[in-house]
Amino acid sequence: MNRHNEMETVFLSVPENESFARVVIAAFAVQMSPTVSEIADIKTAVSEAVTNAIVHGYEGTRGMVTLRAVIDGTVLSVEVTDQGRGISNVAQAMEPFYTTHPEQERSGMGFAVMQTFMDEVNVTSTPGSGTTVRMCKRIAPEARH
Amino acid sequence: MLQSYRDGSRLVVRLAGELDHYCAQSVRRELDRLISDQSIRWLILDFSVLQFMDSSGIGVILGRYRQMRDRGGQVGVIHMSPHIARIFHMSGMDRVIHQLDHQEAAQ
């Protein structure tokens with residue numbers, strides 16, 4: 001039978017919730033029997049997306065961040081959504097080393113990390129109303145322990 | 001508090017816990033305090049007990065690398081997990097930061 005499961009978690013955009021989001025996605029994905037390396041990939045990508053929502057989406061303000069995940073067979077899809085300020089130029093924001101906060105030593109590598117560790121990354125954003133990052137990763141059945 | 005030990009002009013710092021955006025500021029402050037001694041020529045970061053790092057860690061490490069480089073010093077890392085090694089590689093940090101084995105770090 002094709003495995004199917006869904007979950008949604010909503011939390012405040014405070015930095016403490018970056019580790020909370022990583023624990024949640026790891027706990028949800030574990031039913032796919034991922035390898036240690038796959039779990040690390042997923043946690044890292046989610047950490048980047050949630051950090052972006054907190055640092056950029058809700059810069060200087062607070063709002064809610066939604067972490068949604070769907071398991072469909074061997075594919076894990078993850079969405080991280082904020083209702084923050086949005087990104088006016090998504091292509092530019094996704095360029096490696098592009099950062100609006102060099103003074104905070106932000107590396108500008110967040111999207112590059114997501115693209116390295118996940119199979120697909122899509123970003124939709126509307127200035128003034130928020131950003132959604134959609135990512136998916138195939139958890140290869142042969143990789144299962 | 002980060003554990004560290006000094007060996008001549010070398011300072012070895014053991015990073016612990018999770019190096020994300022939330023923890024980056026305190027790690028940055030602590031590392032800056034530790035390397036404020038200008039006689040330190042090598043900053044060696046020990047990743048053996050670090051449980052997680054994302055791109056916030058890249059910013060922290062590159063920032064300390066620039067400080068060490070500007071005083072003619074260097075930065076090395078030991079005990080890097082394969083996952084953190086991938087982050088080092090994709091960000092190009094592996095071209096400027098030395099991966100040392102335990103013996104080299106102790107020399």
Side-chain angles (χ1 to χ4, degrees), chain A residues 11-23 25-26 34-59 65 80 93-118 121, chain B residues 13 15-36 43 45 47-70 75 77 79-97:
Chain A
F11 51 86
L12 191 65
S13 64
V14 291
E16 290 87 335
N17 283 335
E18 293 156 10
S19 64
F20 171 73
R22 293 196 294 270
V23 170
I25 197 64
T35 62
V36 171
S37 165
E38 286 166 337
I39 280 285
D41 291 354
I42 294 161
K43 284 173 74 176
T44 309
V46 166
S47 192
E48 299 293 353
V50 169
T51 301
N52 276 354
I54 294 169
V55 174
H56 303 289
Y58 292 115
E59 185 178 10
V65 179
V80 177
M94 291 182 79
E95 282 172 17
F97 302 107
Y98 176 80
T99 177
T100 50
H101 294 291
E103 78 291 349
Q104 292 174 21
E105 293 186 345
R106 303 293 311 154
S107 66
M109 293 299 285
F111 282 118
V113 168
M114 291 180 231
Q115 286 168 326
T116 299
F117 292 138
M118 301 295 275
V121 179
Chain B
V13 181
L15 298 173
E18 302 191 304
L19 183 43
D20 62 3
H21 160 250
Y22 174 57
C23 297
Q25 200 181 346
S26 64
V27 173
R28 180 183 298 130
R29 206 180 297 130
E30 184 75 2
L31 284 173
D32 283 348
R33 188 182 67 78
L34 288 166
I35 63 174
S36 61
L43 169 64
L45 300 170
F47 285 91
S48 57
V49 295
L50 187 69
Q51 288 160 22
F52 177 82
M53 186 181 105
D54 63 15
S55 73
S56 299
I58 300 174
V60 172
I61 294 167
L62 282 180
R64 309 297 73 70
Y65 161 74
R66 289 190 193 103
Q67 287 187 39
M68 293 304 294
R69 181 198 59 193
D70 291 350
V75 177
V77 292
H79 301 307
M80 205 160 41
S81 70
H83 187 75
I84 293 177
R86 278 177 76 191
I87 293 178
F88 262 68
H89 182 67
M90 63 156 294
S91 63
M93 283 201 294
D94 58 350
R95 293 198 295 266
V96 293
I97 291 171

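Note on naming: letters A, B, ... go to the chains in the order of the sequence lines (proteins, then strands), and numbering restarts at 1 for each one.
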Within 6.0 angstrom of H89(B) NE2, more than 12 heavy atoms from elsewhere
no
If I take atom CZ from residue R22(A) and atom CD from residue E18(B), how far apart are they, to the nearest 0.5 angstrom?
4.5 Å
Do D54(B) and S47(A) meet the criterion of a side-chain donor-acceptor pair at a distance under 3.5 Å?
yes
Quick check for you: to the nearest 0.5 Å, what is the distance between D20(B) atom CG and E18(A) atom CD?
5.0 Å
Nearest atoms (heavy-atom pairs only) where S55(B) meets S107(A):
O-OG, 3.2 Å
pair S19(A)-F52(B): side-chain heavy atoms closer than 4.5 Å
no
Closest approach of R106(A) to S56(B) (non-hydrogen atoms, all atoms of both residues):
NH1-OG, 3.2 Å
Atom group of D41(A) that falls short of 4.5 Å from chain B, counting heavy atoms:
both
Answer whether the closest heavy-atom distance between the side chains of H21(B) and V50(A) falls below 4.5 Å.
no
Rounded at 0.5 Å granularity, tell me how far CD1 in I39(A) sits from NE2 in H83(B).
11.0 Å
Side chains of residues 22-29 of chain B: which donor-acceptor partners sit under 3.5 Å, not counting sequence neighbours?
from	atom 1	to	atom 2	distance (Å)
S26(B)	OG	C23(B)	O	3.1
R28(B)	NE	E105(A)	OE1	2.8
R28(B)	NH2	Q104(A)	O	3.3

